[in-house]
Structures are given as C-alpha cells and as structure tokens.
Amino acid sequence: MNIVPIKQLNRAMVNQFFTNHWGSPQMVVSTGIYNCSELDGFAAVENGSRIVGLITFVICGNECEIISLDSIMENRGIGSALLHEAEAWARQQRCTAVQLITTNDNLHALRFYQKRGYQIVNVFPNAVDKARRIKPSIPKTSPDGIPIRDELLLVKRLDG
C-alpha cells in the first residue's frame, strides 16, 4: 500500500470512489458543501491503481478540516496512515489544529478519532436535518438503528 496525494490520481477514479461509498462526491456538513473529488487529500493505493482509502481536507484559517476519511478494509492501518499523513501536511501548512465533523451515530469514527487524540468540543443538535434539505439521500437512521440527527465537532491541537 502506498500513500499518494489525490492530485496524482485520475479524478474520475476518485469521483467513482466517493460515488460508490457515499452515493455521490458531495459532502454536506455545517461548515459547508464540498465536492470531495475536488479537494486536497491523500489516497491509499494498492497494486498501483486500486484506491483502498481516501482522506480529504480543506484549510480554514490556521485549522485543517478533514472533510472525509474512508478505508475499505478495516484494521489494516489504512485510516491511521491517511490521518497521520493529513496531520503532517497540516503541520507543514502551519496549522495549529485539525478538526472534523461526524454524526452522533458514527460510533466507529468517534472511537477512532478519540483514540488518536481528538476531543469532542461541540455538538450541533439537529444539524443533519439541515444537511438533508440539501442532500436528501442522507439516511434518517444508521444501520444499527440510531437516529442520525446531530453533528459533533472534534478537534486535535497540533504541537509545534
């Protein structure tokens, strides 16, 4: 597995990855509407061309905001490697923090990020209802039956 900048990949392939995993490359969160296939980021590539993971982000002031992180194979270190690469990139850009938004039902993401030093700093009740007005394909409940309602902001401060 190699970690490469998304810009080195065919955009159609990146677009298809998001369509396969999210229904479209569009991500709607409190901070904005993003076309993930057009953002900066890194991809985990296997066998020279198969995308097995992707992270996208934007810079907002002195903070790096992760917009998406996907790994198609669990427990192989793909998500951790992509997050590490994004954090290193953020440090190079002189960012003081990395932040992201996830939803209340995403227990896997909450566990993953908190283990890596991220802290929940804000909760936006019913924010997903607003996002659904723009992207109606956002489900109302998770596969395990948790209502998808709220957004949670997680932040990790970057040291020197």
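Counting from 1, the numbers follow the sequence of the chain as shown.
Residues A44 and I78 share a closest heavy-atom pair of CB-CG2, 3.7 Å. When all heavy atoms of I67 and C36 are compared, the pair lying nearest together is CG2-SG, 3.8 Å. Nearest heavy atoms, T141 versus P147: CG2-CA, 4.1 Å. Between L110 and T102, the shortest heavy-atom contact is CD2-CG2, 3.8 Å.
At a threshold of 4.5 Å between non-hydrogen side-chain atoms, the residues I33 and Q26 count as touching. Here the side chains of V98 and Y118 are in contact, with some heavy-atom distance below 4.5 Å. Within the 4.5 Å cutoff, no side-chain heavy atoms of T103 are placed close to those of I138. Looking at R157 and V155, their side chains come closer than 4.5 Å, going by heavy atoms from C-beta outward. With contacts defined as side-chain heavy-atom distances shorter than 4.5 Å, the pair S68/H21 does not qualify. With contacts defined as side-chain heavy-atom distances shorter than 4.5 Å, the pair L154/I120 qualifies.
Exactly one residue among Q99, E87, Q119, Q114 makes a side-chain hydrogen bond (donor to acceptor under 3.5 Å, both in side chains) with K156. That residue is E87.
One hydrophobic cluster, built from ILVMFWY side chains closer than 4.5 Å, holds both F17 and L83. Following chains of ILVMFWY side-chain contacts shorter than 4.5 Å, one can reach I101 starting from L54, so the two form part of one hydrophobic cluster. Residues I148 and L152 are members of separate hydrophobic clusters, defined by side-chain heavy-atom contacts under 4.5 angstrom among Ile, Leu, Val, Met, Phe, Trp and Tyr. Following chains of ILVMFWY side-chain contacts shorter than 4.5 Å, one can reach I6 starting from F18, so the two form part of one hydrophobic cluster. Note: the hydrophobic cluster containing L39 also contains M27 (ILVMFWY, side chain heavy atoms under 4.5 Å, direct or indirect links).
M1 contributes atom CE, which lies 12.0 Å from atom CG of N47 (distance to the nearest 0.5 angstrom). A distance of 5.0 Å separates CD in E46 from CZ in R76, rounded to the nearest 0.5 Å. Rounding to the nearest 0.5 Å places CZ of R116 at 10.5 Å from CZ of R111. From I55, atom CD1 reaches atom CG of L82 across 6.0 Å, with rounding to the nearest 0.5 Å. Remark: C64 SG to I59 CD1 distance equals 4.5 Å, nearest 0.5 Å. For the atom pair CD1 of I72 and CD1 of I51, the computed distance is 9.0 Å after rounding to the nearest 0.5 Å.
A salt bridge is absent between R149 and D129; no separation between the charged side-chain nitrogens and carboxylate oxygens falls under 4.0 Å.
In this pair, F57 and W89 present their aromatic rings tilted. The plane angle is within the 30 to 60° band. Below 30°, between 30° and 60°, or above 60°: for F112 and H108 the angle between ring planes is below 30°, a parallel geometry.
The main-chain N or O of S37 is found under 3.5 Å from a side-chain atom of R11 such that the two form a donor-acceptor pair. Remark: the backbone N or O of D150 is paired with a side-chain donor or acceptor of N104 at under 3.5 angstrom. With D70 contributing its side chain and G53 its backbone, the two residues share no donor-acceptor pair below 3.5 Å.
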Practice item. Determine, stepwise, if the pair N2 / Q8 fulfils side-chain contact (heavy atoms from CB on, under 4.5 Å). Key: CA-CA 12 Å; N2 293 320; Q8 291 182 9; over 6 Å; no
